[in-house]
Amino acid sequence: MGAWSRRRGPAVGLVGAALVAVLGLSGCTSGESMAATGTGGATEQTSQAPAKPSAKVVATPAADAKDVSPAGPISVAVTDGALETITLTNADGKQVKGELAADKKSWAVAEHLGYGKTYTWSGSALGTDGKNVAIAGSFTTVKPKRTSKASLNTGDGQTYGIAMPVAVVFDAPVKDKVAAEKAMTVTTTPVNEGAWAWLDDSTAHWRPKEYWTPGTKVEVKVGIYGVDLGGGNYGRDDVTSSFSIGRSQVVKADTQTHRMVVYRDGVKTHDFPASMGLESDPGRVTKSGTHVVMSKHASYGMTNPKYNYENVVVPWAVRVSNNGEFVHGYAPSIPDQGKRNVSHGCVNLAPANAKIYYDSAMVGDPVEITGSNQQLGKADGDYFDWALSWDKWTAMSATAN
(Lines give C-alpha, C1' and ligand atoms only; values in the text may rest on other atoms or scores of the structure.)
Protein backbone atom coordinates (compact mmCIF):
# COMPACT_ATOMS: atom_id res chain seq x y z
CA MET A 1 0.00 0.00 0.00
CA GLY A 2 1.49 3.35 -1.11
CA ALA A 3 1.98 6.22 1.36
CA TRP A 4 -0.20 9.37 1.04
CA SER A 5 1.67 12.70 0.61
CA ARG A 6 0.86 15.71 2.82
CA ARG A 7 0.91 19.53 1.99
CA ARG A 8 0.05 22.65 3.96
CA GLY A 9 -2.08 25.39 2.30
CA PRO A 10 -0.74 29.04 2.12
CA ALA A 11 -1.32 31.40 5.04
CA VAL A 12 -3.12 34.70 4.22
CA GLY A 13 -1.81 37.65 6.32
CA LEU A 14 -4.15 40.49 5.27
CA VAL A 15 -7.45 39.01 6.42
CA GLY A 16 -6.33 36.43 8.99
CA ALA A 17 -5.05 32.87 8.56
CA ALA A 18 -7.06 30.55 6.30
CA LEU A 19 -8.21 27.26 7.72
CA VAL A 20 -6.00 24.31 6.73
CA ALA A 21 -6.92 20.65 7.06
CA VAL A 22 -4.76 18.90 9.62
CA LEU A 23 -3.31 15.67 8.35
CA GLY A 24 -3.19 12.48 10.49
CA LEU A 25 0.14 11.00 11.45
CA SER A 26 -0.79 7.57 10.05
CA GLY A 27 -0.41 8.73 6.43
CA CYS A 28 -4.05 8.02 5.71
CA THR A 29 -6.77 10.65 5.23
CA SER A 30 -10.44 10.68 4.51
CA GLY A 31 -11.58 11.09 0.93
CA GLU A 32 -13.47 14.27 1.92
CA SER A 33 -10.34 16.28 2.54
CA MET A 34 -8.11 14.99 -0.23
CA ALA A 35 -8.44 13.80 -3.80
CA ALA A 36 -6.10 11.05 -4.98
CA THR A 37 -4.42 11.37 -8.38
CA GLY A 38 -2.62 8.56 -10.09
CA THR A 39 -1.72 5.16 -8.78
CA GLY A 40 1.12 6.54 -6.68
CA GLY A 41 -1.28 8.09 -4.21
CA ALA A 42 -0.36 11.84 -4.72
CA THR A 43 -2.95 14.22 -3.29
CA GLU A 44 -4.02 17.87 -3.76
CA GLN A 45 -5.58 20.01 -1.03
CA THR A 46 -8.10 22.77 -1.70
CA SER A 47 -7.81 26.12 0.27
CA GLN A 48 -9.84 29.27 0.85
CA ALA A 49 -9.05 32.23 -1.54
CA PRO A 50 -7.50 35.30 0.25
CA ALA A 51 -9.71 38.35 0.74
CA LYS A 52 -8.80 41.39 -1.41
CA PRO A 53 -7.55 44.44 0.55
CA SER A 54 -9.27 47.81 0.72
CA ALA A 55 -7.74 51.01 -0.69
CA LYS A 56 -5.22 52.88 1.43
CA VAL A 57 -5.02 56.64 0.76
CA VAL A 58 -2.14 58.92 1.81
CA ALA A 59 -2.44 62.68 1.34
CA THR A 60 0.62 64.96 1.43
CA PRO A 61 0.48 67.13 3.46
CA ALA A 62 -1.58 65.37 6.11
CA ALA A 63 -5.01 66.58 7.12
CA ASP A 64 -5.01 69.74 9.29
CA ALA A 65 -1.34 70.49 8.49
CA LYS A 66 -0.29 74.12 9.02
CA ASP A 67 2.45 76.32 7.55
CA VAL A 68 2.70 74.17 4.42
CA SER A 69 4.97 75.43 1.62
CA PRO A 70 2.71 76.48 -1.29
CA ALA A 71 5.31 75.06 -3.68
CA GLY A 72 4.65 71.51 -2.49
CA PRO A 73 5.05 68.64 -2.77
CA ILE A 74 1.25 68.33 -2.59
CA SER A 75 -0.26 65.03 -3.70
CA VAL A 76 -2.51 62.03 -3.03
CA ALA A 77 -1.35 58.43 -3.44
CA VAL A 78 -3.33 55.16 -3.34
CA THR A 79 -2.23 51.58 -2.74
CA ASP A 80 -4.44 48.52 -3.20
CA GLY A 81 -6.75 50.53 -5.40
CA ALA A 82 -7.07 53.54 -7.70
CA LEU A 83 -8.46 57.05 -7.62
CA GLU A 84 -11.99 57.48 -8.90
CA THR A 85 -12.37 61.23 -8.34
CA ILE A 86 -10.07 63.81 -6.79
CA THR A 87 -10.19 67.59 -6.40
CA LEU A 88 -8.32 70.18 -4.37
CA THR A 89 -10.12 73.49 -3.92
CA ASN A 90 -9.25 76.82 -2.34
CA ALA A 91 -11.44 78.73 0.09
CA ASP A 92 -13.38 80.24 -2.84
CA GLY A 93 -14.19 76.82 -4.27
CA LYS A 94 -11.80 77.15 -7.20
CA GLN A 95 -10.16 73.88 -8.23
CA VAL A 96 -6.39 73.62 -8.26
CA LYS A 97 -4.77 72.26 -11.43
CA GLY A 98 -3.34 68.79 -11.06
CA GLU A 99 -2.04 65.76 -12.93
CA LEU A 100 -3.46 62.25 -12.57
CA ALA A 101 -1.01 59.40 -13.12
CA ALA A 102 -1.79 57.00 -15.96
CA ASP A 103 -2.43 54.15 -13.52
CA LYS A 104 -4.71 56.42 -11.44
CA LYS A 105 -2.76 55.61 -8.31
CA SER A 106 -1.58 59.18 -7.67
CA TRP A 107 -2.46 62.83 -8.31
CA ALA A 108 -0.15 65.82 -7.85
CA VAL A 109 -0.66 69.59 -7.88
CA ALA A 110 0.52 71.14 -11.17
CA GLU A 111 0.67 74.80 -10.09
CA HIS A 112 1.87 76.81 -7.13
CA LEU A 113 -0.63 77.43 -4.37
CA GLY A 114 -1.07 80.76 -2.62
CA TYR A 115 0.51 81.91 0.61
CA GLY A 116 -1.69 81.92 3.72
CA LYS A 117 -4.56 79.95 2.13
CA THR A 118 -6.64 76.92 3.14
CA TYR A 119 -7.16 74.08 0.67
CA THR A 120 -9.57 71.13 0.90
CA TRP A 121 -9.42 67.63 -0.57
CA SER A 122 -12.47 65.76 -1.86
CA GLY A 123 -12.89 62.58 -3.85
CA SER A 124 -12.78 58.82 -3.52
CA ALA A 125 -10.66 55.78 -4.25
CA LEU A 126 -11.88 52.31 -5.24
CA GLY A 127 -10.12 49.46 -3.49
CA THR A 128 -9.32 46.04 -4.89
CA ASP A 129 -12.08 44.80 -2.62
CA GLY A 130 -14.57 46.77 -4.69
CA LYS A 131 -15.33 49.25 -1.91
CA ASN A 132 -15.02 53.04 -2.03
CA VAL A 133 -12.86 55.02 0.39
CA ALA A 134 -13.65 58.72 0.82
CA ILE A 135 -10.90 61.34 0.49
CA ALA A 136 -11.30 64.45 2.64
CA GLY A 137 -9.38 66.89 4.81
CA SER A 138 -7.83 70.37 4.64
CA PHE A 139 -4.44 72.04 5.13
CA THR A 140 -3.20 75.63 5.33
CA THR A 141 -0.19 77.15 3.59
CA VAL A 142 2.35 79.32 5.39
CA LYS A 143 1.81 83.06 5.75
CA PRO A 144 5.25 84.72 5.36
CA LYS A 145 6.41 87.70 7.40
CA ARG A 146 7.59 89.08 4.06
CA THR A 147 8.49 87.89 0.56
CA SER A 148 11.71 88.56 -1.33
CA LYS A 149 12.18 89.03 -5.07
CA ALA A 150 15.14 87.74 -7.09
CA SER A 151 16.40 88.98 -10.46
CA LEU A 152 18.75 87.51 -13.06
CA ASN A 153 21.36 89.22 -15.22
CA THR A 154 20.74 86.93 -18.21
CA GLY A 155 17.82 87.19 -20.62
CA ASP A 156 15.86 84.57 -22.52
CA GLY A 157 17.11 83.89 -26.03
CA GLN A 158 20.27 85.96 -25.57
CA THR A 159 23.82 84.97 -26.53
CA TYR A 160 26.78 85.79 -24.30
CA GLY A 161 30.56 85.50 -24.29
CA ILE A 162 32.55 82.67 -22.76
CA ALA A 163 33.24 84.45 -19.43
CA MET A 164 29.62 85.37 -18.64
CA PRO A 165 28.63 84.72 -15.01
CA VAL A 166 25.05 84.00 -13.94
CA ALA A 167 24.13 86.58 -11.28
CA VAL A 168 21.16 86.34 -8.92
CA VAL A 169 20.36 89.45 -6.90
CA PHE A 170 17.80 89.39 -4.07
CA ASP A 171 16.00 92.55 -2.97
CA ALA A 172 16.69 91.73 0.70
CA PRO A 173 19.49 89.93 2.58
CA VAL A 174 19.20 86.15 2.56
CA LYS A 175 19.69 84.58 6.00
CA ASP A 176 19.36 80.95 4.92
CA LYS A 177 21.76 80.85 2.00
CA VAL A 178 21.83 77.04 2.00
CA ALA A 179 18.08 76.87 1.35
CA ALA A 180 18.31 79.55 -1.33
CA GLU A 181 21.26 77.93 -3.08
CA LYS A 182 19.60 74.50 -3.11
CA ALA A 183 16.65 76.11 -4.90
CA MET A 184 18.86 77.55 -7.67
CA THR A 185 19.97 75.34 -10.56
CA VAL A 186 22.06 75.79 -13.69
CA THR A 187 21.76 73.09 -16.38
CA THR A 188 24.16 73.15 -19.33
CA THR A 189 24.39 71.27 -22.62
CA PRO A 190 27.12 70.12 -22.99
CA VAL A 191 28.05 69.85 -19.33
CA ASN A 192 30.20 72.72 -18.03
CA GLU A 193 31.45 72.24 -14.47
CA GLY A 194 30.56 75.23 -12.31
CA ALA A 195 29.53 76.42 -8.86
CA TRP A 196 27.63 79.08 -6.93
CA ALA A 197 29.40 81.64 -4.77
CA TRP A 198 27.87 84.29 -2.51
CA LEU A 199 29.48 87.68 -3.12
CA ASP A 200 27.43 89.29 -0.33
CA ASP A 201 24.22 88.62 1.63
CA SER A 202 22.02 89.49 -1.36
CA THR A 203 24.08 88.34 -4.36
CA ALA A 204 25.04 84.90 -5.65
CA HIS A 205 26.91 84.16 -8.89
CA TRP A 206 27.38 80.90 -10.80
CA ARG A 207 30.40 80.60 -13.07
CA PRO A 208 32.00 77.66 -14.84
CA LYS A 209 35.36 76.37 -13.62
CA GLU A 210 36.89 77.31 -16.95
CA TYR A 211 35.52 79.59 -19.65
CA TRP A 212 32.25 78.33 -21.13
CA THR A 213 32.41 75.93 -24.06
CA PRO A 214 31.31 77.91 -27.15
CA GLY A 215 27.79 76.93 -28.25
CA THR A 216 26.68 75.80 -24.77
CA LYS A 217 22.94 75.98 -24.04
CA VAL A 218 22.14 77.12 -20.51
CA GLU A 219 18.96 76.81 -18.42
CA VAL A 220 18.78 78.70 -15.13
CA LYS A 221 16.03 78.28 -12.54
CA VAL A 222 15.83 80.25 -9.31
CA GLY A 223 13.03 78.17 -7.79
CA ILE A 224 12.57 80.14 -4.59
CA TYR A 225 8.77 80.36 -4.47
CA GLY A 226 7.65 78.68 -1.25
CA VAL A 227 11.22 78.49 0.08
CA ASP A 228 11.97 79.90 3.54
CA LEU A 229 14.99 82.14 2.99
CA GLY A 230 15.37 82.62 6.73
CA GLY A 231 13.58 84.58 9.39
CA GLY A 232 10.14 84.06 7.84
CA ASN A 233 11.22 85.65 4.54
CA TYR A 234 9.96 83.53 1.63
CA GLY A 235 10.65 83.67 -2.08
CA ARG A 236 8.10 85.75 -3.99
CA ASP A 237 8.37 84.13 -7.44
CA ASP A 238 10.46 81.67 -9.39
CA VAL A 239 12.79 83.24 -11.95
CA THR A 240 14.14 81.47 -15.04
CA SER A 241 16.44 82.19 -17.95
CA SER A 242 17.42 80.30 -21.09
CA PHE A 243 20.41 81.53 -23.09
CA SER A 244 23.36 80.45 -25.23
CA ILE A 245 27.12 80.93 -25.26
CA GLY A 246 28.49 82.29 -28.51
CA ARG A 247 31.88 82.14 -30.18
CA SER A 248 35.11 82.41 -28.21
CA GLN A 249 36.64 85.90 -28.18
CA VAL A 250 39.40 86.78 -25.72
CA VAL A 251 41.14 90.14 -25.37
CA LYS A 252 44.66 90.25 -23.93
CA ALA A 253 45.87 93.72 -22.99
CA ASP A 254 49.34 94.35 -21.51
CA THR A 255 50.00 97.61 -19.69
CA GLN A 256 53.76 97.21 -20.25
CA THR A 257 53.75 96.51 -24.00
CA HIS A 258 50.87 98.98 -24.50
CA ARG A 259 49.09 96.57 -26.84
CA MET A 260 45.56 95.14 -26.92
CA VAL A 261 45.33 91.86 -28.85
CA VAL A 262 42.04 90.21 -29.89
CA TYR A 263 41.76 86.43 -30.36
CA ARG A 264 38.73 84.89 -32.07
CA ASP A 265 38.36 81.12 -31.61
CA GLY A 266 42.03 80.98 -30.67
CA VAL A 267 43.26 82.93 -33.72
CA LYS A 268 44.74 86.43 -33.40
CA THR A 269 42.58 88.82 -35.39
CA HIS A 270 43.74 92.28 -34.25
CA ASP A 271 46.72 93.84 -32.46
CA PHE A 272 45.98 97.43 -31.47
CA PRO A 273 48.29 100.03 -29.91
CA ALA A 274 46.74 101.19 -26.63
CA SER A 275 47.25 103.54 -23.74
CA MET A 276 46.09 102.41 -20.31
CA GLY A 277 45.93 103.89 -16.81
CA LEU A 278 48.74 106.10 -15.53
CA GLU A 279 50.57 103.86 -13.05
CA SER A 280 52.19 106.67 -11.05
CA ASP A 281 48.73 107.57 -9.71
CA PRO A 282 47.03 104.74 -7.74
CA GLY A 283 43.64 106.19 -8.64
CA ARG A 284 44.27 105.85 -12.37
CA VAL A 285 45.74 102.35 -12.68
CA THR A 286 44.11 99.88 -15.11
CA LYS A 287 43.89 96.82 -12.87
CA SER A 288 45.31 93.46 -13.86
CA GLY A 289 42.97 90.49 -13.95
CA THR A 290 40.19 89.01 -16.04
CA HIS A 291 37.51 91.61 -16.67
CA VAL A 292 34.17 90.82 -18.34
CA VAL A 293 32.37 92.87 -20.99
CA MET A 294 29.25 94.23 -19.28
CA SER A 295 27.72 96.61 -21.83
CA LYS A 296 28.36 98.49 -25.09
CA HIS A 297 27.68 102.15 -25.93
CA ALA A 298 28.18 103.88 -29.27
CA SER A 299 29.02 106.98 -27.23
CA TYR A 300 29.38 107.50 -23.51
CA GLY A 301 29.85 110.51 -21.25
CA MET A 302 32.75 110.04 -18.84
CA THR A 303 32.66 111.86 -15.49
CA ASN A 304 35.19 111.80 -12.65
CA PRO A 305 34.90 114.66 -10.13
CA LYS A 306 38.15 113.63 -8.43
CA TYR A 307 40.04 114.42 -11.63
CA ASN A 308 37.96 117.43 -12.59
CA TYR A 309 36.25 116.21 -15.73
CA GLU A 310 32.55 115.82 -16.45
CA ASN A 311 30.61 114.34 -19.35
CA VAL A 312 33.59 113.88 -21.63
CA VAL A 313 31.91 112.02 -24.50
CA VAL A 314 33.95 109.19 -26.02
CA PRO A 315 33.05 106.90 -28.95
CA TRP A 316 32.65 103.11 -29.04
CA ALA A 317 32.76 102.49 -25.31
CA VAL A 318 32.78 98.88 -24.04
CA ARG A 319 32.38 98.61 -20.25
CA VAL A 320 34.59 95.94 -18.66
CA SER A 321 33.99 96.63 -14.96
CA ASN A 322 31.79 98.69 -12.67
CA ASN A 323 34.71 100.69 -11.30
CA GLY A 324 34.78 102.86 -14.43
CA GLU A 325 37.01 100.80 -16.70
CA PHE A 326 36.11 100.80 -20.40
CA VAL A 327 37.74 100.04 -23.71
CA HIS A 328 36.93 103.09 -25.85
CA GLY A 329 38.10 105.42 -28.57
CA TYR A 330 40.05 108.55 -27.61
CA ALA A 331 41.74 110.56 -30.31
CA PRO A 332 43.72 112.92 -28.00
CA SER A 333 45.81 110.00 -26.69
CA ILE A 334 46.73 108.58 -30.12
CA PRO A 335 50.34 109.89 -29.80
CA ASP A 336 50.69 107.89 -26.56
CA GLN A 337 48.98 104.70 -27.73
CA GLY A 338 51.46 101.89 -28.06
CA LYS A 339 54.09 103.91 -26.13
CA ARG A 340 52.95 105.01 -22.67
CA ASN A 341 50.02 104.91 -20.25
CA VAL A 342 48.19 108.20 -19.71
CA SER A 343 44.50 107.34 -19.19
CA HIS A 344 42.40 107.47 -16.04
CA GLY A 345 42.03 103.66 -15.97
CA CYS A 346 40.42 102.95 -19.33
CA VAL A 347 42.02 101.25 -22.33
CA ASN A 348 42.33 104.00 -24.96
CA LEU A 349 42.31 103.09 -28.65
CA ALA A 350 42.24 105.18 -31.80
CA PRO A 351 38.52 105.72 -32.62
CA ALA A 352 38.79 103.63 -35.82
CA ASN A 353 40.31 100.73 -33.88
CA ALA A 354 37.79 101.15 -31.08
CA LYS A 355 34.99 100.80 -33.64
CA ILE A 356 36.48 97.54 -34.94
CA TYR A 357 36.64 96.14 -31.43
CA TYR A 358 33.20 97.49 -30.49
CA ASP A 359 31.61 95.70 -33.45
CA SER A 360 33.21 92.38 -32.46
CA ALA A 361 32.57 92.54 -28.71
CA MET A 362 29.80 90.66 -26.92
CA VAL A 363 28.55 90.96 -23.35
CA GLY A 364 30.32 88.21 -21.40
CA ASP A 365 33.60 88.32 -23.35
CA PRO A 366 36.73 88.14 -21.18
CA VAL A 367 39.23 91.01 -21.24
CA GLU A 368 42.46 89.80 -19.64
CA ILE A 369 44.69 92.65 -18.49
CA THR A 370 48.23 92.05 -17.26
CA GLY A 371 51.27 94.10 -16.27
CA SER A 372 49.88 96.68 -13.84
CA ASN A 373 50.72 97.10 -10.16
CA GLN A 374 47.14 96.56 -8.92
CA GLN A 375 44.86 93.53 -9.11
CA LEU A 376 41.16 93.39 -9.91
CA GLY A 377 39.16 92.48 -6.79
CA LYS A 378 35.86 92.57 -4.97
CA ALA A 379 35.84 96.37 -4.73
CA ASP A 380 35.83 96.68 -8.51
CA GLY A 381 32.17 96.02 -9.22
CA ASP A 382 29.92 93.13 -10.01
CA TYR A 383 31.92 90.88 -12.34
CA PHE A 384 35.16 90.11 -10.54
CA ASP A 385 34.35 86.38 -10.62
CA TRP A 386 37.43 85.39 -12.61
CA ALA A 387 39.79 87.25 -10.26
CA LEU A 388 39.30 84.38 -7.78
CA SER A 389 40.90 80.95 -7.99
CA TRP A 390 38.56 77.99 -8.34
CA ASP A 391 39.31 76.89 -4.76
CA LYS A 392 38.46 80.34 -3.38
CA TRP A 393 35.36 80.49 -5.55
CA THR A 394 33.92 77.15 -4.44
CA ALA A 395 34.67 77.96 -0.79
CA MET A 396 32.17 80.85 -1.12
CA SER A 397 29.32 78.41 -1.81
CA ALA A 398 26.78 78.13 1.03
CA THR A 399 26.69 74.37 0.54
CA ALA A 400 30.47 73.92 0.45
CA ASN A 401 30.65 72.68 4.05
Side-chain angles (χ1 to χ4, degrees), residues 71 148-156 158-225 227-230 235 238-246 248-250 287-294 320-322 362-368 375-401:
S148 186
K149 179 182 178 181
S151 59
L152 278 166
N153 65 327
T154 53
D156 284 337
Q158 300 299 307
T159 302
Y160 299 103
I162 59 172
M164 187 67 176
V166 175
V168 181
V169 180
F170 293 85
D171 65 358
V174 175
K175 292 184 178 181
D176 192 342
K177 295 181 178 65
V178 172
E181 189 172 317
K182 287 181 176 179
M184 304 187 300
T185 59
V186 177
T187 306
T188 70
T189 307
V191 173
N192 286 241
E193 181 183 358
W196 290 103
W198 288 84
L199 309 191
D200 57 44
D201 287 343
S202 302
T203 308
H205 284 199
W206 192 99
R207 55 153 269 214
K209 183 177 182 180
E210 307 292 344
Y211 289 154
W212 290 102
T213 303
T216 298
K217 306 296 183 184
V218 186
E219 300 285 341
V220 182
K221 181 176 182 181
V222 184
I224 59 170
Y225 183 78
V227 175
D228 187 349
L229 303 175
D238 292 344
V239 185
T240 62
S241 177
S242 176
F243 63 91
S244 300
I245 302 300
S248 169
Q249 178 162 294
V250 181
K287 296 184 178 180
S288 291
T290 299
H291 301 61
V292 178
V293 172
M294 303 179 72
V320 295
S321 84
N322 268 342
M362 176 183 292
V363 171
D365 284 344
V367 176
E368 301 173 357
Q375 295 293 315
L376 183 72
K378 186 174 182 179
D380 295 305
D382 294 337
Y383 290 0
F384 64 92
D385 304 46
W386 299 97
L388 302 175
S389 69
W390 183 243
D391 287 344
K392 288 182 178 179
W393 182 262
T394 54
M396 293 164 63
S397 165
T399 60
N401 298 319

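Computation of the quantities below employed the complete heavy-atom set of this structure, encompassing side-chain atoms and omitting hydrogens, waters and symmetry-equivalent molecules. Count residues from 1 along the sequence.
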query: What residues, two or more places apart in sequence or in another chain, satisfy ring pair (Phe, Tyr, Trp, His ring centres under 6.0 Å) together with Y225?
result: H112, Y115

query: Mind checking what makes salt bridge (Lys or Arg N to Asp or Glu O under 4.0 Å) contact with E368, not counting sequence neighbours?
result: K252

field: Point-to-point distance, once rounded to the nearest 0.5 Å, from CG of L376 to OH of Y383
entry: 13.5 Å

query: Can you name the closest pair of heavy atoms from N153 and P165 and give their distance?
result: ND2-O, 3.0 Å

field: Non-hydrogen side-chain atoms of V218 and M164 separated by less than 4.5 Å
entry: no

- prompt: Any donor-acceptor pair under 3.5 Å linking the side chain of K378 with the backbone of L199?
  reply: yes

- prompt: Do T154 side-chain atoms and S241 backbone N/O form a donor-acceptor pair below 3.5 Å?
  reply: no

Salt bridge (charged side-chain N to carboxylate O under 4.0 Å, His left out) contacts in which one or both residues fall within residues 198-213, not counting sequence neighbours: K177-D201

- prompt: Between Q375 and K287, what is the shortest heavy-atom contact and its length?
  reply: O-CD, 3.8 Å

message: Run the ring pair (Phe, Tyr, Trp, His ring centres under 6.0 Å) test against Y160 and tell me which residues pass, sequence neighbours left out.
response: F243

field: Approximate separation, where rounding is to 0.5 Å, of L229 CG and F170 CZ
entry: 6.0 Å

query: What pairs with D238 under salt bridge (Lys or Arg N to Asp or Glu O under 4.0 Å), at least two apart in sequence or on another chain?
result: none

query: Heavy atoms, side chains only, cut-off 4.5 Å: are T240 and V220 in contact?
result: no

field: Side-chain (H205) to main-chain (T203) donor-acceptor, under 3.5 angstrom
entry: no

field: Counterpart residues, side chain to side chain donor-acceptor pair (under 3.5 Å), relative to K217 (two or more places apart)
entry: S244

query: What are the two closest heavy atoms between S242 and E219, and how far apart are they?
result: OG-OE2, 2.9 Å

field: Any side-chain heavy-atom pair of L152 and V222 under 4.5 Å
entry: yes

message: Can you list everything that forms a side chain to side chain donor-acceptor pair (under 3.5 Å) with N192? Sequence neighbours excluded, please.
response: T213, T216

message: Under the salt bridge (charged side-chain N to carboxylate O under 4.0 Å, His left out) definition, can you give me all pairs with a residue in residues 179-194, not counting sequence neighbours?
response: none

message: Restricting to side-chain contact (heavy atoms from CB on, under 4.5 Å), what partner residues turn up for T394, sequence neighbours left out?
response: A195, W390

query: Roughly how far, to the nearest 0.5 Å, is CZ of F384 from CG of N322?
result: 11.5 Å

message: Taking side-chain contact (heavy atoms from CB on, under 4.5 Å) as the definition, give me every residue that meets it alongside D391, ordered by chain and number, with sequence neighbours left out.
response: S389

Short side-chain to backbone donor-acceptor contact, D365 and V293, under 3.5 Å: no

- request: Sequence neighbours left out, what passes side-chain contact (heavy atoms from CB on, under 4.5 Å) with A204? Give chain and number order.
  value: M184, W196, W198

- line: Of all heavy-atom pairs linking D228 and A179, the shortest is O-CB, 3.6 Å

message: According to salt bridge (charged side-chain N to carboxylate O under 4.0 Å, His left out), does anything in residues 165-175 pair up with another residue at least two apart or in another chain? List the pairs.
response: R146-D171, D171-R236

message: So which atom in A180 and which in V174 form the shortest heavy-atom distance, rounded to 0.1 Å?
response: CB-CG1, 3.9 Å

- request: Please find out if less than 6.0 Å separates the ring center of W212 from that of W386.
  value: no

query: Tell me, do P214 and I162 make a side-chain contact under 4.5 Å, heavy atoms counted?
result: yes

